[in-house]
A.B. asks: 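Quick one: the structure is below, questions incoming.
Along the sequence shown, the residues carry numbers beginning at 1. All values derive from a computational prediction rather than experimental measurement.
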Amino acid sequence: MNEKRMPVIFSGHGSPLIAITDNEITHEMKRVGTKLTEKYGKPNAILAISRHWYADGTYVQSAGKPKQIYDMYGFPKELYDVKYPVSGYAGLTKAVQSVLGNAVSVNDDWGIDHGTWTVLVHMFPDADIPVVQLSVNRHLTGEQSFELGKKLQRLRDEGYLIFGSGNVVHNLMLADWDNDGGTDATVRFNDSITDAVVSGRKEQVIRYETHPDAAYAVPMPDHYLPLLYCLGAAGEDHAAVFNNVCNLGTMAMTGYIWGF
């Protein structure tokens with residue numbers, strides 16, 4: 001059992017095609033996973049907070065063999081052939097119930113979705129670390145999401161890795177698939193949030209709506225809220241940045257790792 005205090009990771013995932021992409025972004029994901037296991041050992045399990053389980057409540061999975069969800073449409077067959085057959089972990093499910101109490105309930109209707117496996121297939125390609133997903137509660141405000149994340153801090157001391165997946169900037173309606181970079185507004189918002197995360201200005205990250213480009217960068221909070229869960233779980237740990245990259249015009253792949 002790994003009882004070291006685990007870091008917290010938030011990663012951008014962007015297009016599901018990232019699962020079958022070989023580029024600097026996926027190489028960096030792999031580097032983060034490799035360095036983490038070298039420094040801390042293999043986590044007992046991963047608590048994954050994926051935008052793609054955006055639910056009407058706060059739910060945690062308990063399945064011993066959670067199903068892999070291919071919750072995307074119209075992509076090449078190669079993507080649907082990707083297998084990431086992880087196990088669940090009853091100890092982590094119980095630990096989440098312990099720290100969240102009546103605020104969480106067990107729900108196994110979902111599974112391990114592409115917000116989780118398209119990144120973890122690079123970070124931990126052997127699929128030998130159990131994964132339990134926690135839903136993103138659509139009814140929570142940014143402040144409430146942050147406060148829920150704070151309650152998860154204790155799990156890190158039990159050898160559990162908290163992993164959030166979303167995007168700092170995600171505006172699919174305005175995405176430009178021929179743009180290898182980001183628009184001015186995307187870059188401004190991403191730079192502002194990243195500077196606030198690294199500098200520990202948590203209120204600026206939580207109250208992202210006050211940024212002039214917020215409506216453009218975060219038209220819906222779904223991809224952003226996993227960051228706030230992670231920010232809460234990070235406590236007072238400092239953040240390092242990886243994959244500080246904008247692409248498709250309106251996407252930021254930026255990731256952060258706290259306590260590393």
A.B. asks: Tell me if a side-chain donor or acceptor on Ser165 pairs with a main-chain N or O of Pro226 at a distance below 3.5 Å.
C.D. replies: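 Side chain of Ser165 to backbone of Pro226: no pair is present.
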A.B. asks: Tell me yes or no: between the side chains of Asn244 and Asp191, is some donor less than 3.5 Å from an acceptor?
C.D. replies: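 Checked: Asn244/Asp191 side chains show no N/O donor-acceptor pair below 3.5 Å.
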A.B. asks: Do you reckon Tyr208 sits in the same ILVMFWY cluster as Met220, going by side-chain contacts under 4.5 Å, direct or chained?
C.D. replies: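 Per the 4.5 Å side-chain linkage, Tyr208 and Met220 are not co-clustered.
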A.B. asks: Indicate the atoms forming the closest heavy-atom contact of Lys65 with Ser87, along with that distance.
C.D. replies: NZ-OG, 3.0 Å
A.B. asks: Can you measure from CG (Leu225) to OG1 (Thr141) and round to the nearest 0.5 angstrom?
C.D. replies: 8.5 Å
A.B. asks: Should Leu120 and Val82 be counted in the same cluster of Ile, Leu, Val, Met, Phe, Trp and Tyr side chains packed under 4.5 Å apart?
C.D. replies: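 Yes, Leu120 connects to Val82 through the hydrophobic network.
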A.B. asks: Quick check: closest heavy atoms across Val99 and Leu152, and the distance to 0.1 Å?
C.D. replies: CG2-CD2, 4.1 Å
A.B. asks: Does Leu17 share a hydrophobic cluster with Ile69, counting links as ILVMFWY side-chain heavy atoms below 4.5 Å and allowing steps through other members?
C.D. replies: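 Different clusters: Leu17 never reaches Ile69 through Ile, Leu, Val, Met, Phe, Trp or Tyr contacts under 4.5 Å.
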A.B. asks: We want to know whether Tyr256 and Thr194 form a side-chain donor-acceptor pair, criterion being a heavy-atom distance below 3.5 angstrom.
C.D. replies: yes
A.B. asks: Evaluate the ring planes of His114 and His13, with Trp represented by its six-membered ring, and classify them as parallel (under 30°), tilted (30 to 60°) or perpendicular (over 60°).
C.D. replies: perpendicular
A.B. asks: For salt bridge (charged side-chain N to carboxylate O under 4.0 Å, His left out), just list the numbers for Asp108 and Lys67, CA-CA rounded to whole Å, side-chain angles, deciding distance to a tenth of an Å, and then say yes or no.
C.D. replies: CA-CA 9 Å; Asp108 287 317; Lys67 57 190 173 184; over 6 Å; no
A.B. asks: Carefully, step by step, assess Ile20 and Phe75 under the rule side chain to side chain contact (heavy atoms under 4.5 Å, CB included).
C.D. replies: CA-CA 11 Å; Ile20 55 174; Phe75 289 94; over 6 Å; no
A.B. asks: Do His211 and Val218 come close enough that some side-chain heavy atom pair is under 4.5 Å?
C.D. replies: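 Of all side-chain heavy-atom pairs linking Val218 with His211, none is under 4.5 Å.
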A.B. asks: Could you please spell out the steps behind the side chain to side chain contact (heavy atoms under 4.5 Å, CB included) verdict for Val132 and Tyr160?
C.D. replies: CA-CA 10 Å; Val132 173; Tyr160 298 125; over 6 Å; no
A.B. asks: If we count only N and O atoms by modelled type, under 3.5 Å, do the side chains of Tyr216 and Thr183 hold a donor and an acceptor together?
C.D. replies: yes
A.B. asks: Nearest 0.5 Å please: distance from the OG atom of Ser199 over to the CD atom of Gln204.
C.D. replies: 8.5 Å
A.B. asks: Taking the side chain as everything from C-beta on, heavy atoms only, tell me whether Leu47 gets closer than 4.5 Å to Leu92.
C.D. replies: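 Leu47 reaches Leu92 side chain to side chain.
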A.B. asks: Other residues, nucleotides and ligands only: do more than 12 of their heavy atoms fall within 6.0 Å of NE2 on His27?
C.D. replies: yes
A.B. asks: With no hydrogens and no angle check, is any side-chain donor or acceptor of Gln68 less than 3.5 Å from a backbone partner on Tyr84?
C.D. replies: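 Judged by distance alone, yes, a pair lies under 3.5 Å.
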A.B. asks: Hey, any chance Met253 and Leu79 share a hydrophobic cluster, counting ILVMFWY side chains that come within less than 4.5 Å of each other, even indirectly?
C.D. replies: yes
A.B. asks: Does the Tyr80 side chain pair with the main chain of Met72, one donor and one acceptor, at a distance under 3.5 Å?
C.D. replies: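 Such a contact is found between Tyr80 side chain and Met72 backbone.
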A.B. asks: Just wondering, do Trp110 and Asp71 contact through their side chains at under 4.5 Å, heavy atoms?
C.D. replies: yes
A.B. asks: Can you tell me how far CD1 of Ile18 sits from CG of Asn247, rounded to the nearest 0.5 angstrom?
C.D. replies: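 One finds 7.5 Å between CG of Asn247 and CD1 of Ile18.
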A.B. asks: Rounded to the nearest 0.5 Å, what's the gap from CG on Leu36 to CE on Met6? Could you check?
C.D. replies: 6.0 Å
A.B. asks: Would you say Leu174 ends up clustered with Met251 if hydrophobic residues are merged whenever their side chains have heavy atoms under 4.5 Å apart, either directly or through other cluster members?
C.D. replies: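 No, separate clusters.
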A.B. asks: Can you name the side-chain contact (heavy atoms from CB on, under 4.5 Å) partners of Val104, sequence neighbours left out?
C.D. replies: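 Applying side-chain contact (heavy atoms from CB on, under 4.5 Å) to Val104 gives Thr58, Val60, Val96, Gln97, Leu100, Leu134.
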A.B. asks: Would you say CG of Asn102 has more than 12 non-hydrogen atoms from neighbouring residues, nucleotides or ligands within 6.0 angstrom?
C.D. replies: no
A.B. asks: Could you grab the distance from atom CZ of Arg201 to atom CZ of Arg207, nearest 0.5 Å is fine?
C.D. replies: 15.0 Å
A.B. asks: Of the non-hydrogen atoms in Tyr229 and Leu140, which two are nearest, and what is the gap between them?
C.D. replies: OH-CD1, 3.8 Å
A.B. asks: Might you point out which heavy atoms bring Trp53 and Gln133 nearest each other, and give the distance in Å?
C.D. replies: CZ3-O, 3.4 Å
A.B. asks: I'd like to check Ile193 versus Leu227 (side-chain heavy atoms, cut-off strictly below 4.5 Å). Are they in contact?
C.D. replies: yes
A.B. asks: Is there a side-chain contact between Ser98 and Arg154, using heavy atoms and a 4.5 Å cut-off?
C.D. replies: yes
A.B. asks: If you measure from the Lys or Arg side-chain nitrogens to the Asp or Glu carboxylate oxygens, is any gap between Lys202 and Glu236 under 4.0 Å?
C.D. replies: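 The answer is yes: the pair qualifies as a salt bridge.
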A.B. asks: How many angstroms lie between OG1 in Thr250 and CG in Asn190, if you round to the nearest 0.5 Å?
C.D. replies: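 Interatomic distance, Thr250 OG1 to Asn190 CG, rounded to 0.5 Å: 12.0 Å.
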A.B. asks: Does any N or O in the side chain of Arg138 come within less than 3.5 Å of the main-chain N or O of Tyr54, such that one atom is a donor and the other an acceptor?
C.D. replies: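 Side chain of Arg138 to backbone of Tyr54, a donor-acceptor pair under 3.5 Å: yes, one is there.
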A.B. asks: Heavy-atom count around Asp195 CG within 6.0 Å, excluding the residue itself: above 12?
C.D. replies: yes
A.B. asks: Quick one, Leu161 and Phe124 - any side-chain contact, counting heavy atoms below 4.5 Å?
C.D. replies: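 Yes, their side chains come closer than 4.5 Å.
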A.B. asks: So does His52 get a backbone contact from the side chain of Ser50, meaning a donor-acceptor N/O pair under 3.5 Å?
C.D. replies: yes
A.B. asks: With sequence neighbours left out, what residues match Tyr70 under ring-ring contact (aromatic ring centres under 6.0 Å, His included)?
C.D. replies: Trp117
A.B. asks: When you look at CD of Glu203, are more than 12 heavy atoms from neighbouring residues, nucleotides or ligands closer to it than 6.0 Å?
C.D. replies: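 Yes, because the 6.0 Å sphere around CD of Glu203 holds more than 12 heavy atoms from other groups.
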A.B. asks: Count the heavy atoms belonging to other residues, nucleotides or ligands that lie under 6.0 Å from CG of Asp81, then report whether that count exceeds 12.
C.D. replies: yes
A.B. asks: Please name the pair of heavy atoms, one in Lys42 and one in Thr37, separated by the smallest distance, quoted to 0.1 Å.
C.D. replies: CA-CG2, 4.3 Å
A.B. asks: Examine distances only and state if a side-chain atom of Asn171 and a backbone atom of Pro219 form a donor-acceptor pair shorter than 3.5 Å.
C.D. replies: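 No; zero donor-acceptor contacts below 3.5 Å.
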A.B. asks: Start with the C-alpha distance between Asp222 and Val136, add both sets of side-chain angles, then the distance that settles side chain to side chain contact (heavy atoms under 4.5 Å, CB included), and finish with yes or no.
C.D. replies: CA-CA 8 Å; Asp222 47 3; Val136 177; over 6 Å; no
A.B. asks: Run the ring-ring contact (aromatic ring centres under 6.0 Å, His included) test against Phe10 and tell me which residues pass, sequence neighbours left out.
C.D. replies: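 Listed in chain order: nothing, the list is empty.
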A.B. asks: Is any side-chain heavy atom of Phe146 less than 4.5 Å from a side-chain heavy atom of Val205?
C.D. replies: no
A.B. asks: Should the pair Tyr40 and Phe260 be assigned to parallel (<30°), tilted (30 to 60°) or perpendicular (>60°) ring geometry?
C.D. replies: tilted
A.B. asks: Is the side chain of Asp176 donor-acceptor paired with the backbone N or O of Asp178 at a distance under 3.5 Å, no angle test?
C.D. replies: yes
A.B. asks: Are the side chains of Tyr59 and Ser105 in touch, meaning some heavy atoms are under 4.5 Å apart?
C.D. replies: yes
A.B. asks: If you apply the rule side chain to side chain contact (heavy atoms under 4.5 Å, CB included), what do you find for Leu231 with Ile206, and how did you get there?
C.D. replies: CA-CA 9 Å; Leu231 187 71; Ile206 295 167; 4.1 Å; yes
A.B. asks: Minimum heavy-atom separation for Gln61 to Thr93, with atom names?
C.D. replies: O-OG1, 2.6 Å
A.B. asks: Evaluate the salt bridge (charged side-chain N to carboxylate O under 4.0 Å, His left out) criterion for residues Arg156 and Asp237: first the C-alpha distance (whole Å), next the side-chain angles of each, then the deciding distance (0.1 Å), finally the verdict.
C.D. replies: CA-CA 12 Å; Arg156 300 171 57 196; Asp237 287 342; 2.6 Å; yes
